[in-house]
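Take a look at the structure set out below.
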Amino acid sequence: MQQVITRFPPSPTGYLHIGGARTSLFNWLFARSRRGQFILRIEDTDVERSTEESVKAILDAMEWLELGWDEGPYFQTKRLEVYREYAEKLLKTGHAYWCECSARELEQRRGTALAEGRKPKYDGACRSKALGEGTNRVLRFRSPESGTTVLNDIIKGPIEFENSELDDLVIVKSDGIPTYNFAVVVDDITMGITHVIRGDDHVNNTPRQILIYRALGAKLPEFGHVPMIHGEDRSPLSKRHGATSVMEYKKMGFLPEALLNCLVRLGWSHGDEEIFSREELIEKFSLENVGKSPSIFTMEKLLWLNAHYIKEKRAEELVELLRPFAAAHNYPEKSDAFMAAAIRTLRPRVHTLVEMAEAMRFYMVEEIEFDPEAAAKFLTAEMVPVFSRLISELSALATFDEETLEPVFRNTAQELKVKLGKIAQPVRVALTGGTKSPGLFEIMEVLGKDAVIERLKRARSGRAEER
Ligand code: GLU
């Protein structure tokens, strides 16, 4: 069987957005699942809008998502010779011709056509002039005037186009730069692409590309056009719905595994499974299971997936990932081991690394800040003897973990004749500043004896009551 070769050909006119990342992922997965090759090609022929920063931004995002490519990145602007060679082939076989119509003339004729109720397509004025190359001349593709072109789309099924609807499109501009539809065909032919998987905003380009393949006598690849991504209001995903850049999600504290898992489910499904590891995806991915209707991106789902992957990750790995987020809070330096212990307690409770960095504040800072309401309610004068008793009992402990802490609390409650529940919340406020946190003994164990005693003393000292 022929080796599968897919490609991802972004135009470097901005960052990698969610839609592009999904296209890239599908091509990568398809290649990996068939033991094929995945090529990265930068389509930078729009010289004015293409920037090096965008190239870098796209590569960074692909690296973050670990969508490794086997070949490239190729740059179209470095392949002008190749397009020239193929343009000459088309000229020689009569499938292309030079056109001297100026932009102004074309504009005028388009205006007239529209006014007369005709389609404003190129009227073929230079078709039979047999012009040679010259300044301000563009090369046009000679489209068949009749007949139909069928796109047998793997995802959408057959789609038929009337050739009469298709323009004699410009394939090389007067500055020698090829246009998208031409360059993409030449690249896909010369790079041996077997499967073109892309967004369905390109469906209307495909019959034009098929005609160019045929004119060049080249074998067609398989085409699969993936439906659009919509936001929750069922309109195409845009900035109105939130971040669209992949790297924004990194900044928002998402893990690449979660975003990848979310992206793959935008269009593809495998029964009602939701969670897939990279290995499972490679094993299970197929184009047959890509749906025909637009898929909906929801933040809720992404948050849910992220919470899942945060729980799954080793605490030591999370330490590394969390450091930049913690740095944003200017917390004092803490050891990896301390942070890992803190993370283990927080991990089940957060959805993002940003939330985690915020939630770990009470572990990291020397002096916690009290939520005024919580302090007023729980750090009362009545608690002073309870805290004193706890302080002396805890000071006597040689080990400081759940097993040794629990009896101290139980006995203190019994002896002072208060309910255990009445002690727990004030202690929580004393240790964390608020009323919500991981389990009390867990946080005490992480904070350690000295910090716990100090915080209890501080809460007892009445400073909290002054608030
Ligand atoms: N450069 C095109 C884009 O970014 C590629 C389309 C294609 O896959 O052919 O939309």
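Please read all numbers here as calculations on a predicted model, not as lab measurements. Indexing begins at 1, ligand by ligand and atom by atom, following the structure's order.
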- Query: Salt bridge check: are E133 and R137 linked by an N-O gap of less than 4.0 Å?
  - Reply: no

Could you pull out the N/O contacts under 3.5 angstrom between ligand 1 and the surrounding protein atoms?
| from | atom 1 | to | atom 2 | distance (Å) |
| --- | --- | --- | --- | --- |
| ligand 1 | 1 (N) | P9 | O | 2.9 |
| ligand 1 | 1 (N) | S11 | OG | 2.9 |
| ligand 1 | 1 (N) | E43 | OE1 | 2.6 |
| ligand 1 | 4 (O) | S11 | OG | 3.4 |
| ligand 1 | 8 (O) | R7 | NH1 | 2.7 |
| ligand 1 | 8 (O) | R7 | NH2 | 3.4 |
| ligand 1 | 9 (O) | R7 | NH2 | 2.9 |
| ligand 1 | 9 (O) | Y180 | OH | 2.6 |
| ligand 1 | 9 (O) | R198 | NH1 | 2.8 |
| ligand 1 | 10 (O) | H202 | NE2 | 2.8 |

- Using 30° and 60° as the class limits, which term best fits the ring planes of H202 and Y180: parallel, tilted or perpendicular? tilted

- Is the centre of the W268 ring less than 6.0 Å from the centre of the F285 ring? yes

Using residues 55-63 as the side-chain source, report each donor-acceptor pair under 3.5 Å to any protein atom, sequence neighbours left out, with the distance given to one decimal.
| from | atom 1 | to | atom 2 | distance (Å) |
| --- | --- | --- | --- | --- |
| K56 | NZ | D60 | OD2 | 2.8 |

- Task: Can you label the angle between the H17 ring and the Y15 ring as parallel, tilted or perpendicular, going by 30° and 60°?
- Result: perpendicular

- Item | Atom CD of E52: over 12 foreign heavy atoms under 6.0 Å | no

